[in-house]
Amino acid sequence: MSASDSSGGSIRGLPIGVFDSGVGGLTVLDALRRRLPCEDFLYLGDTARLPYGTKSRDSITQYSVQAAELLVQQGVKCLVVACNTASAVALEALQDQFRPLPVIGVVEPGAEAGCKVSRDGRIAVIATESTVREGAYQRAILRRRPDAIVMAKACPLFVALAEEGMTDGPIAEAVAHWYLDELLAKQHPDTLVLGCTHFPALAVVLRAVAGPEVALVDSAATTALALERLLLDGTLLNAGPKPGRLQLLATDGPERFARVGSLFLHEPISADSVRLVDLGARETPCAKV
Ligand code: DGL
């Protein structure tokens, strides 16, 4: 795609669309904004239908397409699927449906990060049930390191803990031990890929449970690099001079989005700045924000 559309308008000046099942993707958005401070971002959290991680393939694909359609209607120059579950299940469907719009997910960058830091290729992926079932991380890692021994473990309670702000303390520690002790003792991974948007919020507990020998990686920083590469290759990079703007959309609960989302974005969010949208009413697209 070139940086100008047929009417001569500048595609380069459009925002980057980012979506997640909720506020967890704000961890990815945080990294994207740090790497690309002059870009505008339009972020959609499908809070009405969170979690995606326990849903069927069909539901996750349908929700992801609806979220992407809404962002595309608003006018974006590319899409970042910040949700690991949506990336694992629906990335190809999104790329097919919205071509030539560039669409990237977080699974490939997360696999890249894991392969880079792993010393001996014993890589464990922790993620939602659907991400683990889909096997996308496992395939992405083995494509890069065919000799790797890949383990995958669904840890759905970590999502609830992060949503409740219970990211440390005895309950988070007990849950982390319950999920990880056997995996760590029997399979000895040297790297733990945090294959879910919410899991970086539990990094301190995960680090304590996994021990100093195990590297923890997530996809936020490598996704930011992949996005930068994509924008450079398509001459779509917005290099300034003004700092980029952020617009936030949610399908439910702006107050909760603002409260919990502030923790994930690492900056305060006011509920008034979160626009409520309805993905079921796409024939009447939300007003430009
Ligand atoms: N955003 C999801 C992911 O990264 C976690 C929350 C959910 O299950 O929807 O997989």
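For this chain, numbers begin at 1 and follow the sequence in order. Quantities reported herein were computed from a predicted structural model and do not represent experimental measurements. We count ligands from 1, going down the list as the structure has it; atoms in each ligand are counted the same way.
- Between the side chain of Thr222 and the main chain of Ala113, no donor-acceptor pair closer than 3.5 Å is present.
- Cluster partners of Phe199 are Ile126, Ile149, Met151, Leu157, Phe158, Val159, Leu161, Met166, Ile171, Val175, Trp178, Tyr179, Leu180, Leu183, Leu184, Leu192, Leu194, Leu202, Val205, Leu206, Val209, Val214, Leu216, counting Ile, Leu, Val, Met, Phe, Trp and Tyr whose side-chain heavy atoms approach within less than 4.5 Å, directly or via other members.
- Tyr43 has its ring centre no less than 6.0 Å from the ring centre of Phe19.
- For the salt bridge (charged side-chain N to carboxylate O under 4.0 Å, His left out) condition, the pairs that include at least one residue of residues 157-179, sequence neighbours left out, are Glu163-Arg256, Glu164-Arg256.
- Using a cut-off of 4.0 Å between Lys/Arg side-chain N and Asp/Glu carboxylate O, Glu134 and Arg139 are scored as not salt-bridged.
- Counting Ile, Leu, Val, Met, Phe, Trp and Tyr side chains that sit under 4.5 Å apart, directly or through other members, Leu225 stands alone, with no cluster partners.
- Sorted by chain and number, the residues within 4.0 Å of ligand 1 by heavy atom are Asp20, Ser21, Leu50, Pro51, Tyr52, Gly53, Cys83, Asn84, Thr85, Thr128, Val159, Cys196, Thr197, His198.
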